[in-house]
2 protein chains.
Amino acid sequence: MKNQEELFLDFLARKRLKNTSQRMIILKSFLRQSLHLSTEDFYLQLRKKHPAIGYATVHRTLKLFAECGIAAERNFGDGQTRFEVNYDNEHHDHLVCTGCGKIIEFENRQIEQLQLDVARTHNFFIKDHRLELYGLCAACHASEASSLS
Amino acid sequence: MKNQEELFLDFLARKRLKNTSQRMIILKSFLRQSLHLSTEDFYLQLRKKHPAIGYATVHRTLKLFAECGIAAERNFGDGQTRFEVNYDNEHHDHLVCTGCGKIIEFENRQIEQLQLDVARTHNFFIKDHRLELYGLCAACHASEASSLS
DNA sequence: TGTATTTTGAAATCCGTTTTCATTTTCTTG
DNA sequence: CAAGAAAATGAAAACGGATTTCAAAATACA
Ligand SMILES: [Mn+2]
Ligand SMILES: [Mn+2]
Ligand SMILES: [Zn+2]
Ligand SMILES: [Zn+2]
């Protein structure tokens, strides 16, 4: 099993892309700290240590990560694309708190199986899916209840 | 059971909004022909019969429909918001063909129940959810298979 | 009616994303 | 270790869908 860094280097070689210091810095930073960060937020983080790296490069590199499979691109309906590390191509779905923005990951084999059933009954060939549950986390639910007049 | 038109008129009255000819024309057109149309596409349709109605008015009116519950706002990941009539607040999810854009609606009580289970195990209070299955419809799947070299 | 209030349509603006372009860096080959 | 070809970079511009602005028009209510 290759690690994320090796996977990315292989990808670069295969596509005749060049291995630059910016790409390595962005990769390491991404693997270290990223969890559902928007390009903007990730860029702002990175800029603290590496102010010379431009937004365009960050954007382009995150896209490369998604293309080679070490990142997943997510959209939780707030108009901002988010990226997260995609370990071993393991799939998961999300609970999104509309109160505080907290994101909880989950995986449910039964739901996945039922999705396949749905697709089959419609002669549909599934390539991908997205399931997001929106609502309030325990903390936000409690604070909303207590603030009702 | 009130129909969509009555619901919208009630909504306008409740919010002290005015009943204009544009709003009625847009409402009737929307109820008649809309199925997962983007604002742009809906506007282009409408313009054929009503060229004097502006895009901004169409956009604002579709938002009103969503606000009062007679329309549902959808986003299938192509960067365009789509609207559809939301009959009787009945929920459904979607199969989206990435080949031809075809959209098939489905409803699966078991999946809905399992979602509630997931939420409960995470002490999450669900308000809404979205489930989309992306892939190829039967026709697109067949044509892709036949075009492989 | 008169008049306050809302709505309208065109155009401008917003805002996240993507592209452009001149310059710099990387990589290959002799 | 050059040099030349190819690709990457960063700043700024462009893009595209969504939203807002604003002056003129339409509506609702007394
Ligand atoms: Mn995740
Ligand atoms: Mn639908
Ligand atoms: Zn929360
Ligand atoms: Zn299709």
Which protein N or O atoms sit under 3.5 Å from an N or O of nucleotides 17-19 of chain C?
| residue | atom | partner | partner atom | Å |
| --- | --- | --- | --- | --- |
| C:dT17 | OP1 | A:T81 | N | 2.8 |
| C:dT17 | OP1 | A:T81 | OG1 | 3.0 |
| C:dT18 | OP2 | A:H59 | NE2 | 2.6 |

Check nucleotides 1-6 of chain D for protein N or O atoms closer than 3.5 Å to its own N or O atoms and list the pairs.
| residue | atom | partner | partner atom | Å |
| --- | --- | --- | --- | --- |
| D:dA6 | N3 | A:K18 | NZ | 2.5 |

Give every pair of a protein N or O atom and an N or O atom of nucleotides 1-3 of chain C that lie under 3.5 Å apart, one pair per line with the distance.
none

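If you measure from atom CG of A:L64 to atom C1' of D:dA7, you get 12 Å, rounded to the nearest angstrom. Rounded to whole Å, the distance from CG on A:D78 to P on D:dT19 is 13 Å. Atom C1' of nucleotide D:dT9 and atom CE of A:M24 are separated by 15 Å, given to the nearest angstrom. B:Y43 places its OH atom 9 Å from the C1' atom of C:dG9, with the value rounded to the nearest Å. Here the C1' atom of nucleotide D:dG17 and the CZ atom of B:F83 are 12 Å apart, to the nearest Å. In this structure, A:N75 places its CG atom 14 Å from C1' of D:dA18, rounding to the nearest Å.
Without hydrogens or angle criteria, B:E144 side chain to B:H141 main chain gives no donor-acceptor distance under 3.5 Å. For the pair A:T98 (side chain) and A:G135 (backbone), a donor-acceptor distance under 3.5 Å is present. The main-chain N or O of B:F76 is found under 3.5 Å from a side-chain atom of B:Y134 such that the two form a donor-acceptor pair.
In this structure, CZ on A:R74 lies 9.0 Å from CZ on A:R130, to the nearest 0.5 angstrom. Interatomic distance, A:Y43 OH to A:I53 CD1, rounded to the nearest 0.5 Å: 9.5 Å.
Taking the nucleotide of DNA chain D with the nearest heavy atom to each of A:L17 and B:L17, the more 5' of the two is matched to A:L17.
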Step-by-step side-chain contact (heavy atoms from CB on, under 4.5 Å) determination, B:E112 to B:L116: CA-CA 7 Å; B:E112 307 278 321; B:L116 295 178; 6.0 Å; no

Worked verdict on A:D117 versus A:Q113 for side-chain hydrogen bond (donor to acceptor under 3.5 Å, both in side chains): CA-CA 6 Å; A:D117 296 347; A:Q113 181 55 53; 3.1 Å; yes

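A sub-4.0 Å separation between OP1 or OP2 of D:dA8 and a side-chain N or O of A:T20 is absent. For the OP1/OP2 pair of C:dG9 and a distance below 4.0 Å, the side-chain nitrogens and oxygens of B:Q22 include at least one atom meeting the criterion.
Dense packing is recorded around CD of B:E105, with more than 12 heavy atoms of other residues, nucleotides or ligands lying under 6.0 Å away.
For the pair A:F124/B:L133, no side-chain contact is recorded, criterion being any heavy-atom separation below 4.5 Å from C-beta on.
B:F83 has its ring centre no less than 6.0 Å from the ring centre of B:F30.
By the 30° and 60° cut-offs, the orientation of the rings of B:H94 relative to B:H92 is perpendicular.
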